[in-house]
Amino acid sequence: MDVYGLLGNPVGHSLSPPMHEAAYEELGIDARYVTFEPDPDRIGEAIDGARALGIRGLNVTIPFKRSVLSLVEPDGLAEEVGAVNTIDFAHDPPTGHNTDVAGVTRSFAHHDVALSGREAVVVGAGGAGRASAFALADAGASVSVANRTESRAHELAEAVSGASGHALDSLPRLLAGADVLVNATSVGMDGDESPVPREALHADLAVLDAVYSPLETRLLREAREEGALTIDGAWMLLYQGVEAFERWTGERAPVERMDEALRARL
Ligand code: NAP
């Protein structure tokens, strides 16, 4: 039996085990997907241990996405983004990848939203913001990043080709001519709040919210009411998992089955 899993702290409520195990069941793969919560000071030992035990692949989440970079051989994209969310133990040393980037681009592709040549706004400059900004720029969009801590928006914009950094109060101006909006902050998760003023939303936007609980955040509700196309955070979660599954197993992921397993728990 093959073992895959998730490294994070905490990981108690993760939706990745049911999503991946639904895929193993659908394709008749003899595998389990388990969660691990190592002490943040012992992350290096955790990776060595996983390697020694023959674990095939690990996803990585908060607070380890950055610290794992120096413990594996990151590919170019993970290095650029500055975060690893997927480790592949098929190689020695194990390789590190960032499938959050594909999570963003495949979410838009699934909803037939073209990104090339479009104006995109990313709110947030943490891990999800970095993955979103690189994803949109790599897909040919011109990217503006707005963040509560403005200096982080500038830092990210400097790393992303053609991007610009802004404070949150620039959002109305940035969104007036935008086609695509990504919320990559945690605002909306713990209360009926939105990081974007409602007046800045309009019907020509496609809006992806990285927050997946609740599925319809205040931002998505208001965007839908304004006539925008809305994409919830479960799509991003699904496609980062699909991408990791395909890398590890070499099989085409049963996307609908994984989506069903995920949404059944949201
Ligand atoms: P992170 O690295 O801690 O970054 C958090 C971001 O949110 C920062 O830009 C921070 O701004 C901003 N922020 C926090 N509180 C805010 C507030 N009250 N007002 C305005 N901005 C605020 O976290 P992350 O890993 O990027 O995750 C962000 C969100 O994305 C979380 O909800 C996470 O669950 C979600 N996510 C979803 C997926 C998915 O697959 N759907 C994947 C990754 C993450 P400052 O820089 O000013 O602190």
Is there side-chain contact between [X] and [Y], with at least one heavy-atom pair below 4.5 Å?
X      : Y      : result
His97  : Asp88  : yes
Met258 : Val242 : yes
Trp235 : His111 : yes

Holding to side-chain hydrogen bond (donor to acceptor under 3.5 Å, both in side chains), I want the full list of residues that pass it with [X], two or more places apart in sequence or in another chain.
X      : answer
Glu225 : Arg198
Arg42  : Glu45
Asp232 : Arg263
Asp138 : none

Worksheet item: Restricting to pairs with a member in residues 54-65, which pass side chain to side chain donor-acceptor pair (under 3.5 Å), not counting sequence neighbours?
Response: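 Pairs touching residues 54-65 that pass the test: Asp2-Arg56, Tyr33-Asn59, Asn59-Thr86, Lys65-Asp100.
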Worksheet entry | Residue pairs fulfilling side chain to side chain donor-acceptor pair (under 3.5 Å) with at least one residue in residues 4-26, sequence neighbours excluded |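 Found Glu21-Arg32.
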Discussion item. Can a donor-acceptor pair be found, under 3.5 Å and without considering hydrogens, that links the side chain of Thr149 to the backbone of Ser151?
Written reply: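 It does not hold such a pair.
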Worksheet entry | Basic-acidic side-chain contact under 4.0 Å: Glu79, Arg130 |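 Between Arg130 and Glu79 there is no salt bridge, as every charged N stays at least 4.0 Å from the carboxylate O atoms.
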Worksheet entry | Inter- and intrachain pairs under salt bridge (charged side-chain N to carboxylate O under 4.0 Å, His left out), touching residues 161-183, at least two apart |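 Passing the test, one end in residues 161-183: Arg118-Asp179.
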Discussion item. Applying salt bridge (charged side-chain N to carboxylate O under 4.0 Å, His left out) as the test, list every pair that has at least one member in residues 202-221; sequence neighbours left out.
Written reply: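 Output for this query lists Asp192-Arg221, Glu216-Arg224, Arg218-Glu222.
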Worksheet entry | Partners meeting side chain to side chain contact (heavy atoms under 4.5 Å, CB included) with Pro172 (sequence neighbours left out) |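 Scan of Pro172 (side chain to side chain contact (heavy atoms under 4.5 Å, CB included), adjacent residues dropped) gives Pro197, Ala200.
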Discussion item. List the residues meeting ring-ring contact (aromatic ring centres under 6.0 Å, His included) with Tyr239, not counting sequence neighbours, and say none if there are none.
Written reply: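 For Tyr239 the ring-ring contact (aromatic ring centres under 6.0 Å, His included) partners, ignoring immediate neighbours, are His110.
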Practice prompt. Could you pull out all residues at least two apart from Arg152 that satisfy salt bridge (Lys or Arg N to Asp or Glu O under 4.0 Å)?
Written response: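 If we apply the salt bridge (Lys or Arg N to Asp or Glu O under 4.0 Å) test to Arg152, skipping adjacent residues, there are no hits.
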Worksheet item: Asp30: what forms a salt bridge (Lys or Arg N to Asp or Glu O under 4.0 Å) with it, not counting sequence neighbours?
Response: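 For Asp30, no residue satisfies salt bridge (Lys or Arg N to Asp or Glu O under 4.0 Å) once neighbours in sequence are set aside.
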Practice prompt. For side-chain contact (heavy atoms from CB on, under 4.5 Å), just list the numbers for Val160 and Val145, CA-CA rounded to whole Å, side-chain angles, deciding distance to a tenth of an Å, and then say yes or no.
Written response: CA-CA 10 Å; Val160 176; Val145 179; over 6 Å; no
Discussion item. Hydrogens and angles aside, do His154 and Glu150 bring a side-chain donor and acceptor to less than 3.5 Å of each other?
Written reply: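 Yes.
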